[in-house]
Every structure is written in C-alpha cells, then in structure tokens.
Amino acid sequence: MKLFRRLFAEKILKFHEGTNKVFRTLMNIPIIKDYLNKDIFDKEQSGLRTAFGVLGQICVILWEFARKYIYAIIFMYLPFRIISRFCPLVASHQELAMVYMFVMLSTICGSLANNTLLAMGDRDYLMIKVMMISPYMNFLGKLIYKIATDFIYFTIILCILDVSVYHSIMLGLVTACARPIGEMFAIISYDRKKTVYERRNTYNGAIMAASVLLAYGLPILTRRISAAWMAVVHPSFVMVMFLLGAGAMYYLWWYKSYKDIIREAMHMKREN
C-alpha cells in the first residue's frame, strides 16, 4: 500500500482535487446546493466525500478517453476517408488501414516522441519540489498509468474504428509494450548526449513529421497498404514485444540517474 501511494501520489492528489471541483460545481447549482454544506469534509461524511471524488475521477477518465478518440478521428479516420477517395484498394481494407496508421502514429510516434521523463511540466515540478515525491517514483507512476490507460482507451477506440476485437486487443498490447521501450531509448539517448533534453522539441518534431509522412505518404504513393502490416497483431510479434517491453521496464526500474535528468529539467524551467 505504501508503494502504491508513492507511485501514484500525483493521481491521489488529483483525486482530492477532483473531489473539491465536484463539490464547488454542485454548490453552484441552485437546487442541489441547498442540500450541501461544508460539513462534507468532516470525517463522518467521508463516504459522501469519496463518492464525489469517484465522480470527479470518472469525469477525468471520460475526458481522457474523449481526447484520444478525437485524436483518432482527426489523425486516423478522416485521413483514411480522404485517401480512400483516390485509392480504392485502401478504401476496401479499412481494418488494415486503421492498423497501419495506428502503428505509425501511436505505437511508434507515441512511444518515441513526448516521452514521460523528457517532458517535465508544472505538475511534475509541484510533486517533486513541493510535495517531495521521489523523481524515480513520480516517473514510474506516470509511466504505469500511461501504459494501462493507453491499452484500455485505444483498444476500445480501435473497436469503434471497425478493427476486430481480437486485433484491437493485440494492437493495444503491442502499443502498451512499446511505451517503456520508447522511454528506455530516450534515457539511453540522454546518457550518451546530455544536449538531447535541450533539443527535445526538435527531436519530437522530427519523429512526428516522419511518422505523419509515412502514415499518409506511403498509402498515397503506392495506392495500397501491404497486408504484411497485419503481422503486428500476430501472437508471435506480440510475444516478442512483450519480452522487449518487460526488458525495458526492468531497465527503467533499476535506472539510478533520474535525479540528473530532473535537475536538468528544473534548471531549464527556472531559466524559462
């Protein structure tokens, strides 16, 4: 339990913040506010307070899912519909097209660009400097949450985009395993060349640009998508990715220099 609290301290803080937001929102509703008062924060009202927190967390989860769904519609489904107008072979294989674009834009690009450790924000600064949470635990907690939510959200979204349930689950697993691999690659790059953090925007931009060009450019140039891309949902490939992801998590678990990267991040944050 103590390890859980250390790993997900930021999420626990969000839970309490969500409780307060729900309470403030309900207090602004004319009829409902007559039945509420600040006694909700007393220990005797802990059950009701928890219910508000759960309601707030459900809203957060729905918002996170909506953002990813909108991303999938804008960057995957709409381009597919546009390309389909000119490429009948692409139009006749929607599942293959969705799998291909998802691999390019989410599995590969999403894992290599905007890595958790190299994208420290105000929230991370608050947790590390004010709440005194270990940079190591803060990073691992965010990564584990990202892996779990990406698998759940993207599996559902792929099903909505007409990818079979089986293939959606397999591709969700592949993407979840790719996340720690991307984080490991970012850390190794940082260890070899410290300036990678300062140039992370250029690095992220290059990865995104290459992924977008491949995702949309190849289908337009070849006027089709190779069926070989369905190999990414084959059990053998999923097993290989699982082993690679487990190895990457082992590396991240025992990596000892998180404080060096965080120190660099904080230094740049003060300069900005």
>> Under the criterion side chain to side chain contact (heavy atoms under 4.5 Å, CB included), I'd like the reasoning laid out for M101 against I83: C-alpha separation, chi angles, the key distance, then a yes or no.
In response: CA-CA 12 Å; M101 289 184 179; I83 295 173; 3.8 Å; yes

>> Could you walk me through whether H93 and I225 satisfy the side chain to side chain contact (heavy atoms under 4.5 Å, CB included) test, starting with their C-alpha distance in whole Å, then the side-chain angles of each, then the deciding distance to 0.1 Å, before giving a yes or no?
In response: CA-CA 8 Å; H93 297 87; I225 298 174; over 6 Å; no

> Going through the checks in order, is the side chain to side chain contact (heavy atoms under 4.5 Å, CB included) test met by K68 and D150?
Replying inline: CA-CA 9 Å; K68 291 187 182 294; D150 278 1; 3.1 Å; yes

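A donor-acceptor contact under 3.5 angstrom links the side chains of T175 and T107, judged on distance only. No hydrogens or angles considered: a donor-acceptor pair under 3.5 Å links the side chains of E95 and S164.
When atom types are taken as modelled, the side chain of T149 and the backbone of K146 share a donor-acceptor pair closer than 3.5 angstrom.
Under the 4.5 Å side-chain heavy-atom criterion for grouping Ile, Leu, Val, Met, Phe, Trp and Tyr, I147 is not connected to V60 through any hydrophobic cluster. When the side chains of ILVMFWY residues are joined at heavy-atom separations under 4.5 Å, either directly or via intervening members, F242 and Y251 end up in two distinct hydrophobic clusters. Hydrophobic clustering (side-chain heavy atoms under 4.5 Å, transitive across Ile, Leu, Val, Met, Phe, Trp, Tyr) groups I169 together with I160. Cluster annotation: L173 and M239 are assigned to distinct hydrophobic clusters (Ile/Leu/Val/Met/Phe/Trp/Tyr, side-chain heavy-atom contacts under 4.5 Å, transitive). Side-chain heavy atoms closer than 4.5 Å link hydrophobic residues (I, L, V, M, F, W, Y) into clusters, and following such links, even through other members, never connects L89 to M104.
Remark: F75 CZ is loosely packed, at most 12 non-hydrogen atoms of other residues, nucleotides or ligands lying under 6.0 Å away. At most 12 non-hydrogen atoms from other residues, nucleotides or ligands lie less than 6.0 angstrom from OH of Y69. Within a 6.0 Å sphere centred on CZ of F237, heavy atoms belonging to other residues, nucleotides or ligands number more than 12.
Counting only residues at least two apart or in different chains, side chain to side chain donor-acceptor pair (under 3.5 Å) contacts with residues 214-229 are absent.
G172 and F151 get closest at one heavy-atom pair: C-CD1, 3.4 Å. Across all their heavy atoms, P180 and G245 have their closest contact at CG-O, 3.8 Å.
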